[in-house]
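Chain letters run A, B, ... following the sequence lines, proteins first and then strands; every chain starts at 1. Heavy-atom basis, side chains included; hydrogens, waters and symmetry copies ignored.
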Amino acid sequence: MARSNDEVAALFQEYADLILITGGDPFKARAYEKAARAIGGHHAEVRDLDLKGLQKIPGVGKSIAEKVLEYFRGGSVSAVEEVRAKIPAGVRQLTMIPTLGPRKAMTLYEELHISSIDELVDAIHQERLRDLKGFGPRTEEKILHGIGLMQAAGDRVLVDVAMDLAEELVSELSHVRGCLRCVYAGSLRRLRETIGDIDILVAARDSEPVMRAFTSLPQITEVTAHGDTKTSVRTTRGLAVDLRVLPPDAWGAGLLYFTGSRAHNIRIREIAVHQGLRLSEYGLFDVDSGDLIVSETEEDVYSRLGLPWIPPALREDRGEVEAGLRGELPELVTEEDIRGDLHTHTDLTDGLAPLEEMVAAAEQRGYSYFAVTDHAPNLYMQRMTEERMLEQRRQLHELDRRHRGRGGSGRMRLLHGTELNIDPDGELDWPDDVLAGFDLCVASVHSHFNQDRAALTRRLVRACENPYVNVIGHPTTRVIGKRPGLDADLDAVFAACARTGTALEINSHPDRLDLGDEAILRARRYGVKFVVNSDAHSALHLAHLRFGVGTAQRGWLTSEDVINTWPYARLRRFLRKGRAERSAA
DNA sequence: GCCGTTTTCGGCCCGACTGTTTTCAGTCG
């Protein structure tokens with residue numbers, strides 16, 4: 001099952017939204033929002049905690065702790081149910097539209113009884129919003145644009161949501177008698193950034209026990225199709241899942257077929273046809289005799305077609321087949337190659353965990369280096385000051401000394417960094433003499449997303465040209481399904497990065513994955529270096545790195561391209577960039 | 001509703017932008 005923390009976090013986030021929509025105390029709403037975040041990022045399962053244990057979570061007091069207990073006792077919280085009864089769920093859906101917040105959503109509901117996105121679109125087309133106070137033609141335009149963005153994402157979900165569910169299902173099905181193998185395939189195996197539905201494959205001689213076990217899993221709400229080889233369901237999280245049961249000796253062909261992509265499958269079937277062969281999910285066959293040639297493993301099938309095994313992340317018909325035929329497939333970067341995380345936050349700014357906890361979690365992951373990069377003063381809400389930053393540096397050096405004291409080659413080195421704000425002119429938060437004190441600087445755009453193309457491009461290029469900026473953080477600032485990327489001339493930015501020795505970040509947060517795969521493919525042609533970072537705001541988020549690595553793989557990157565796979569000394573040389581030579585720490 | 005080198009009440013992340021206003025509410029990061 002999903003972590004109990006996620007259920008509770010979602011419930012309190014909903015409660016916070018409903019408080020705001022109904023015009024309740026905004027500070028109370030914030031308290032619930034904060035608690036939701038803290039619970040979501042908390043290491044222990046809240047299901048297992050008692051009142052005292054719950055209250056140890058920052059932002060959780062007596063009242064919220066009691067609601068958590070109430071939830072696990074009876075499956076609901078009366079305070080939440082009360083406000084749910086007043087506001088249709090669709091009203092909250094409206095607030096998911098960018099630029100449409102709780103107040104406007106409530107106005108729409110109260111004045112026009114609008115409680116769904118469809119009703120809203122109709123009302124706009126009928127010009128019924130025109131008479132509402134605070135609504136004008138520009139508002140209508142922005143709402144429609146926002147809805148367009150959401151619908152472009154369609155019913156797809158972010159990769160982490162699908163991954164959590166798929167791993168649960170695979171784990172449960174693996175225990176069923178007669179299940180010889182079980183994996184997820186499809187776009188999830190290819191690590192696409194959004195997932196339309198989940199494909200799960202099982203190898204079994206008899207499909208019936210597996211199908212029966214599958215349809216009775218608690219996550220499944222509706223069985224939409226049910227046969228011998230395929231069962232389709234909907235799950236509690238709204239996501240569709242197809243289960244396919246394959247005969248064990250057709251495993252490789254089936255896995256290949258159901259991993260896709262469609263375009264990749266078409267390309268390799270063409271190759272088969274040219275060799276007088278026919279490829280299906282059951283195997284590779286001789287067209288004339290109809291004899292099965294190979295089917296047991298993916299390697300067998302690829303190999304018989306004259307291809308090396310192609311990593312799923314590459315299977316998009318973006319040149320991987322040709323590269324395979326030439327024997328020139330890249331040796332893709334893997335999560336095991338990553339030696340450290342270079343963009344993380346602590347509770348000094350908007351992270352959830354204190355410095356020590358983040359460092360301990362990084363060590364747990366076996367990193368050989370780790371950078372803490374809290375926000376800088378110009379992100380005003382974070383209340384960062386030079387004093388606070390210097391105090392953190394002192395603590396970090398102290399921790400670093402302690403780690404070194406333990407000796408051994410496995411010790412982890414700590415770097416003190418910051419995430420700077422690139423202002424509208426390309427200027428940064430601190431003067432050069434302050435920046436010079438950091439081991440590395442990530443610089444990101446956090447505001448003024450709507451500058452014109454020339455200004456945005458100049459802004460990013462100027463940031464690259466700053467000798468203290470080592471990394472451009474989440475370079476396009478897109479939020480998947482919510483905000484498009486900056487309208488900048490990315491090629492000019494990539495060229496500037498390559499010229500100045502500035503790395504481009506691949507931000508691993510599942511709603512960013514920025515740069516995305518296609519931009520990476522473009523950028524790598526300039527000889528740019530990349531860094532795959534978690535941008536973790538809690539210890540748990542360090543694990544998001546797998547999605548960033550998946551995105552890097554989809555961008556054909558090798559460990560040579562990714563600076564945080566490099567040994568510490570080589571990384572430090574890169575980070576010196578154009579700065580005046582100073583002794584390496 | 002939470003929390004405390006502003007401490008048991010009274011604050012709570014602060015500023016900018018946008019579109020609507022005609023002095024400001026709503027939204028966002």
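A close approach under 4.0 Å does not occur between any side-chain nitrogen or oxygen of Lys34(A) and OP1 or OP2 of dG1(B). OP1 or OP2 of dC17(B) has at least one side-chain nitrogen or oxygen of His448(A) nearer than 4.0 Å. Contact check, Arg483(A) against dC28(B): no side-chain N or O comes under 4.0 Å of OP1 or OP2. Thr139(A) has a side-chain polar atom (N or O) that falls below the 4.0 Å cut-off from OP1 or OP2 of dT20(B).
Nearest nucleotide to the Phe449(A) side chain, out of dG26(B), dG1(B), dG29(B): dG29(B). You'll find that the side chain of Lys142(A) is closest to dT18(B), out of dT18(B), dT27(B), dG1(B). Each of dC2(B), dT27(B), dC12(B) was ranked by its minimum atom distance to the side chain of Ala31(A); first place goes to dC2(B). Among the nucleotides dG29(B), dC13(B), dT20(B), the one closest to any side-chain atom of His446(A) is dG29(B).
The nearest whole Å value for the distance from the CG atom in Asn421(A) to the P atom in dC14(B) is 16 Å. If you take NE2 of His509(A) and C1' of dG29(B), they are 14 Å apart, rounded to a whole angstrom. Atom-to-atom, CZ of Phe135(A) to C1' of dT27(B) comes out at 12 Å; the value is rounded to the nearest Å. Atom NZ of Lys28(A) is separated from atom P of dG1(B) by 4 Å (rounded to the nearest Å). The distance from atom CD of Glu141(A) to atom C1' of dT18(B) is 13 Å, rounded to the nearest whole Å. Protein atom CG of Asn378(A) is 13 Å distant from nucleotide atom P of dC17(B), rounded to whole Å. The separation between Arg30(A) atom CZ and dC28(B) atom P is 15 Å, rounded to whole Å. Across the protein-nucleic acid pair, Leu100(A) atom CG and dG19(B) atom C1' stand 14 Å apart, rounded to whole Å.
Using a 4.0 Å heavy-atom distance criterion, Asp25(A) is classed as a base contact. Residue-level contact check: Leu379(A) touches neither bases nor backbone, having no heavy atom under 4.0 Å from any strand. Pro137(A) comes within 4.0 angstrom of the backbone, heavy atoms only, and of no base. Residue Tyr15(A) is classed as having no contact, given no heavy-atom separation below 4.0 Å to the nucleic acid.
Atom OH of residue Tyr367(A) and atom CG of residue Leu414(A) lie 13.5 Å apart, to the nearest 0.5 angstrom. Here CD1 of Ile195(A) is found 4.5 Å from CG of Leu188(A). Values are rounded to the nearest 0.5 Å. The CD1 atom of Ile124(A) lies 10.5 Å from the CD atom of Glu141(A); values are rounded to the nearest 0.5 Å.
To the nearest whole angstrom, the two P atoms, one in dT20(B) and one in dT27(B), are 13 Å apart. Remark: the separation of the C1' atoms in dC13(B) and dT8(B) is 23 Å, to the nearest Å. Rounded to whole Å, the C1' atom of dT6(B) lies 13 Å from the corresponding atom of dC12(B). If you take atom C1' in dG15(B) and the same atom in dC9(B), they sit 27 Å apart, rounded to whole Å.
Nearest heavy atoms, Leu542(A) versus Ser534(A): CD2-OG, 3.8 Å.
Heavy-atom nearest nucleotides on DNA chain B were determined for Lys67(A) and for Thr107(A), and the one closer to the 5' end corresponds to Lys67(A). Projected onto DNA chain B by closest heavy-atom contact, Phe27(A) and Val60(A) fall at different nucleotides, the more 5' of which corresponds to Val60(A).
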Next item on the list: Given side chain to side chain donor-acceptor pair (under 3.5 Å), test Asp491(A) with Tyr526(A) step by step and report yes or no.
Entry: CA-CA 9 Å; Asp491(A) 289 278; Tyr526(A) 291 85; 2.6 Å; yes
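Nucleotide dG11(B) has dC2(B) as its partner under the Watson-Crick or G-U criteria, with both atom distances under 3.5 Å.
By the 4.0 Å N-to-carboxylate-O rule, Arg30(A) lies too far from Glu33(A) to be salt-bridged with it.
Within the 4.5 Å cutoff, no side-chain heavy atoms of Val159(A) are placed close to those of Arg192(A).
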